[in-house]
Amino acid sequence: MFPRTTTNNSPDLDQNSTEAPTDDMHTPSTWHPLSWTDRPSGQPITYPDGAALSRSLDKLKTFPPLVTSGEVERLTTLLSEAQDGRRFMLQGGDCAETLDDCRSEIIAAKLKILLQMSLVMVHGLKKPVIRVGRFAGQYAKPRSSPIESRDGVELPSYYGDLVNRVEFDEEARTPNPHLLVRGYQHAAVTLNFIRSLLDGGFADLHHPDNWDLGFLNHARLRPSLRAEYKRMTDQLAEALRFMEALGDSSLDELSRVEFFTSHEGLNLWYESAQTRQVPRKSGWWDLTTHLPWIGERTRALDGAHIEYFRGVRNPVGVKVGPSADPDEVVKMLELINPTDQPGKVVLIHRMGANRVEDRLQPILEAVADSGRKVLWTCDPMHGNTVAVGANGIKTRRFDDILSEIEAACDAHDRVGTYLGGVHFELTGEDVTECIGGGSGVTEDDLERNYASPCDPRLNYQQALEMAFLLSRRLSN
Ligand code: PEP
Ligand code: CO
């Protein structure tokens, strides 16, 4: 994949050890890969069978890493350029990947929509876009309640396929450490397929003729918007034809895009078992993914997740919701990035369309006053989930999602900070989980093809339309 331009692409022959604390410039003196186990977790995962957990962790430790430290370093450099306003990050994928959906057509469709969105955005923003998938490990989910009850029966909630299974029976819902190994294996298979697709070119994706833009003709769009989309796709097609006319090598360059992986680092057993030192580099690396992130429910300053992630050299995302206190956010930056390394922290704000002005702006101001470096990105999904209909089905409105991004842009403009990325839950499939946009999905359609085991995702059309609208807003 991923980055072909890394200077050091030698394999990371790991020196996996979770023993003595180390002391080098990248490792806090009291930290080691399991130091988080002494801290409270906002989302504890308890395995009843300790011996089985040890066996699974031993297995995970012996497997090769999924990504290399060179790739992680490359992403850090790109993120540092995005902090300076020279790049933009597009992060997206499923709310929860499932082991069953580890299928070629689903993975290819996800890659395709992310790639297409990124091209629309490169064209609109006139900036390189860093592409980051929520994939190859997005298998662990935080839950609002540890217990789910149905008809008087109480069982542990479903925490994603890395932890337990979605079926509502005792065996399925008991955290099973073997799923750590299965999750790792599925992440590896997913990554292998993505790496091959990207290495093989995937060039046809660059031809708008092959894009499913038929929806423009039947979508419920205002005529002026339809005309504008048409103009944008025509311009994009023209630019791609021009690249093609320059000759094979430039087309080849264009088609070999960089891609990075990310997931919520919720299950610290999984992350710490794959945490390694590598030859000729100091510090420790979480080699399950390039960009792990800490969720809104696990960012407590004295909690297990901050403890674990302050010790690894990966860039780290942190979700920041409406309950976040500005001073606490600055303290968190001091903890996970004490030396203020560029490209190290991505703050992913997710306030809800109506909370941006009162909740986001003070945080932007506090971080700007602290002078600390962060990449600001907006997740317009998680603050805009609503339950509708008699069944209380979870959905999100296209207009709320767009409106959070627009409000966030305005807040950044007022404070003088740079919104350097967006974070979406989306799929390349034709699902009916979010309402609105030109797709015409309404509340009545939701049950027709609601496939997410967790949060509602933008479908192919909605995601592409969002990219068009974003490009328009962000190019202003
Ligand atoms: C998520 O990204 O799926 C998620 C649970 O987000 P948050 O931590 O922002 O609620
Ligand atoms: Co989600």
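Here the structure is a predicted model, which means the values were calculated and not measured.
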Answer with yes or no whether the side chains of H423 and T377 bring together a donor and an acceptor at under 3.5 Å. no
When you measure from the side chain of Q138 to the backbone N and O of G93, does any donor-acceptor pair fall under 3.5 Å? no
W36 and W269: aromatic ring centres closer than 6.0 Å? yes
Identify the heavy atoms of A353 and N384 that sit nearest to each other, and give their distance. N-OD1, 2.9 Å
If you define the side chain from C-beta out and look only at heavy atoms, does anything of C409 sit under 4.5 Å from L474? yes
Counting only heavy atoms not in E170, do more than 12 fall under 6.0 Å of its CD? no
Check whether Y159 reaches the backbone of P175 with its side chain - one donor and one acceptor, N or O, closer than 3.5 Å. no
Passes side-chain contact (heavy atoms from CB on, under 4.5 Å), L291 versus N314? Steps please. CA-CA 6 Å; L291 175 60; N314 303 55; over 6 Å; no
Less than 4.0 angstrom from a charged side-chain N to a carboxylate O is my criterion; do K141 and D455 meet it? no
Restricting to non-hydrogen atoms, name the atom on L99 and the atom on G183 that form the minimum distance, rounded to 0.1 Å. CD2-CA, 4.2 Å
Quick check: closest heavy atoms across S262 and W293, and the distance to 0.1 Å? OG-CZ3, 3.6 Å
Given side chains that start at C-beta, do those of V67 and F260 come closer than 4.5 Å, heavy atoms only? no
Scan V441, T432, N459 and name whichever one has a side chain to side chain contact (heavy atoms under 4.5 Å, CB included) with N449. T432
Electrostatic pair D94-R457, nearest N-O below 4.0 angstrom: yes
CA sep, side-chain torsions, deciding dist, call: R74, L78, side-chain contact (heavy atoms from CB on, under 4.5 Å): CA-CA 6 Å; R74 164 79 178 155; L78 299 180; 3.7 Å; yes
Under the side-chain hydrogen bond (donor to acceptor under 3.5 Å, both in side chains) definition, can you give me all pairs with a residue in residues 98-107, not counting sequence neighbours? R103-E105
Polar contact flag, side-chain donor to acceptor under 3.5 angstrom, Q274-T288: no
Donor-acceptor pair, W376 side chain versus L347 backbone, under 3.5 Å? no
Among K319, R359, H412, the one residue meeting side-chain hydrogen bond (donor to acceptor under 3.5 Å, both in side chains) with H349: H412
Over 12 non-hydrogen atoms of neighbours within 6.0 angstrom of CD in Q185: yes
Distance (rounded to the nearest 0.5 Å) between Y308 OH and S41 OG: 14.0 Å
Is atom NZ of K127 surrounded by more than 12 heavy atoms (other residues, nucleotides or ligands) closer than 6.0 Å? yes
Assess whether atom CZ of R143 is packed by more than 12 heavy atoms of other residues, nucleotides or ligands within 6.0 Å. yes
Given 3.5 Å as the limit, does a donor-acceptor pair link the side chain of D84 with the main chain of R86, or not? no
Where do R134 and E264 land on the salt bridge (Lys or Arg N to Asp or Glu O under 4.0 Å) test, with the steps shown first? CA-CA 8 Å; R134 283 175 64 115; E264 177 170 350; over 6 Å; no
Contact check, side chains of C454 and Y158, non-hydrogen atoms, under 4.5 Å: no
Output for pair (Y270 OH, T289 OG1), nearest 0.5 Å, gives 8.5 Å
Is a side-chain N or O of E296 found less than 3.5 angstrom from the main chain of G321, in a donor-acceptor match? yes
Under 3.5 Å donor-acceptor, R165 side chain and R173 backbone: no
Could you tell me whether a side-chain N or O of S56 sits under 3.5 Å from a main-chain N or O of L53, the two making a donor and an acceptor? no
Taking the side chain as every heavy atom from C-beta outward, state whether Y460 and D430 have any atom pair closer than 4.5 Å. no
Does R397, at its CZ atom, have more than 12 non-hydrogen atoms belonging to other residues, nucleotides or ligands within less than 6.0 Å? no
Evaluation steps, side-chain contact (heavy atoms from CB on, under 4.5 Å), between D161 and E97: CA-CA 8 Å; D161 282 3; E97 277 181 296; over 6 Å; no
Going by the ring-ring contact (aromatic ring centres under 6.0 Å, His included) test, which pairs reach into residues 167-193, not counting sequence neighbours? F63-Y184
Taking atom CG of D379 and atom CD of Q91, what is their separation to the nearest 0.5 Å? 8.5 Å
Determine, for R195 against E71, whether the closest basic-nitrogen to carboxylate-oxygen distance falls under 4.0 angstrom. yes
Is a side-chain donor or acceptor of R396 paired with a backbone partner of P456 at a separation under 3.5 angstrom? yes
Pair K281 + E73: basic N to acidic O under 4.0 Å: yes
Ignoring hydrogens and angles, tell me if any N or O in the side chain of S272 forms a donor-acceptor pair with the backbone of L268 under 3.5 Å. yes
Please name the pair of heavy atoms, one in L114 and one in L90, separated by the smallest distance, quoted to 0.1 Å. O-CD2, 3.5 Å
Please report the C-alpha distance between L162 and H263 in whole Å, then the side-chain angles of each, then the deciding distance to 0.1 Å, and finally whether the side-chain contact (heavy atoms from CB on, under 4.5 Å) criterion is met. CA-CA 12 Å; L162 195 64; H263 63 245; over 6 Å; no
Check whether any side-chain heavy atom of P315 sits under 4.5 Å from a side-chain heavy atom of V72, and report yes or no. yes
Would you compute the distance between atom CE of M117 and atom NZ of K112 and round it to the nearest 0.5 angstrom? 14.5 Å
Look up atom NZ in K344 and atom NZ in K373, then write down how far apart they are to the nearest 0.5 Å. 14.0 Å
To the nearest 0.5 Å, atom CG of D399 lies from atom SG of C434 at 11.5 Å
Thinking salt bridges, do R355 and E404 make one under a 4.0 Å N-O criterion? no
Treating H305 as the side-chain partner and R299 as the backbone partner, does any N or O pair qualify as donor plus acceptor under 3.5 Å? no
Less than 4.5 Å apart, any side-chain heavy atom of E81 and any of T77? yes
4.5 Å side-chain heavy-atom contact, S144 and R297: yes
Taking every heavy atom of A463 against every heavy atom of I113, the minimum-distance pair comes out as CB-CG1, 3.8 Å
Throw together a table of side-chain donor-acceptor distances under 3.5 angstrom for residues 328-339, partners on residues two or more places apart or in other chains.
from, atom 1, to, atom 2, distance (Å)
N337, OD1, D340, N, 3.4
N337, OD1, Q341, N, 2.9
N337, ND2, Q341, O, 3.1
T339, OG1, Q341, NE2, 3.0

How about CD on E148, more than 12 heavy atoms from neighbouring residues, nucleotides or ligands closer than 6.0 Å, or not? yes
Report yes if the side chains of Q361 and V356 come closer than 4.5 Å at any heavy-atom pair, otherwise no. no
Nearest heavy-atom contact between T27 and G283 is OG1-CA, 3.6 Å
